[in-house]
Amino acid sequence: MTTATAEVPDEEIAKRLTSPEVSNRSVAQELGVSWGRVDLVRQQLGIDTYQRGRRVPEATWQEAVGRRVKAVDGGHAEWTGGRNPNGVPVLSWRSIAETAYRAVFRMHHERDPEGNITHTCDRDHCVAGEHLADRVLRAERRAGGDGGA
Ligand SMILES: [Zn+2]
C-alpha cells in the first residue's frame with residue numbers, strides 16, 4: 001500500500017509550470033497528481049491558467065479596464081466596476097487597486113498621469129479618457145487655449 005500521489009513535492013510541480021502554455025492536466029498526468037493540486041501550485045507561482053483555444057480572461061489590466069468602461073451618450077463613459085465608499089470608481093484587479101480615473105487615463109494616453117486627475121466634463125464619475133486631465137494636460141490647455149498665437 002502506497003500513497004504515491006501525496007509524495008510529489010510542490011517543487012516538482014513548480015519545475016514543470018514554466019509558462020501559461022503548460023497545461024495543468026499534462027503536469028497532473030505526468031506526475032500522477034490531481035489537477036487541483038497543480039492549479040494550486042500554479043496560483044502560488046502567479047502563472048496564468050492555461051486554457052486551450054481561447055485567451056485567459058482579462059490577461060491584462062487594459063482588458064480589465066476596457067470591460068468596465070461603458071460608453072454613454074455625449075461621449076461620456078460609465079464605470080461598471082467597483083466603487084470606493086465615496087462613490088469613486090476603482091479598478092480592483094489582481095494586485096492593482098487604484099481609481100478608475102488613473103487606469104483609464106493611463107490607457108488612453110499611454111503614460112502615467114501626473115498629479116491629480118480632474119474632469120473636463122460635468123458628468124459625475126465620468127471615465128471617458130478624453131474627459132480626464134492631469135496636471136500636464138491642464139497646463140497645456142491653459143497655455144494653448146483662448147486663441148493664443
Ligand atoms: Zn464625460
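Start at 1 and go down the list; that is how both ligands and their atoms are numbered.
Distance check: Q62 CD to H108 NE2 gives 14.0 Å after rounding to the nearest 0.5 Å.
For the Zn ion (ligand 1), the count of nearby protein N, O or S atoms, meaning those under 2.8 Å away, is 4.
Annotation: D10, atom CG; neighbour count of heavy atoms from other residues, nucleotides and ligands within 6.0 Å is above 12. The environment of CG in N86 is crowded: more than 12 heavy-atom neighbours from other residues, nucleotides or ligands sit within 6.0 Å.
With sequence neighbours left out, the salt bridge (charged side-chain N to carboxylate O under 4.0 Å, His left out) criterion links R16 to E12, E30. With sequence neighbours excluded, the residues that form a salt bridge (charged side-chain N to carboxylate O under 4.0 Å, His left out) with E114 are R135.
The side chain to side chain donor-acceptor pair (under 3.5 Å) analysis of residues 97-107, with sequence neighbours excluded, yields the pairs E98-R106, Y101-H125, R106-D112.
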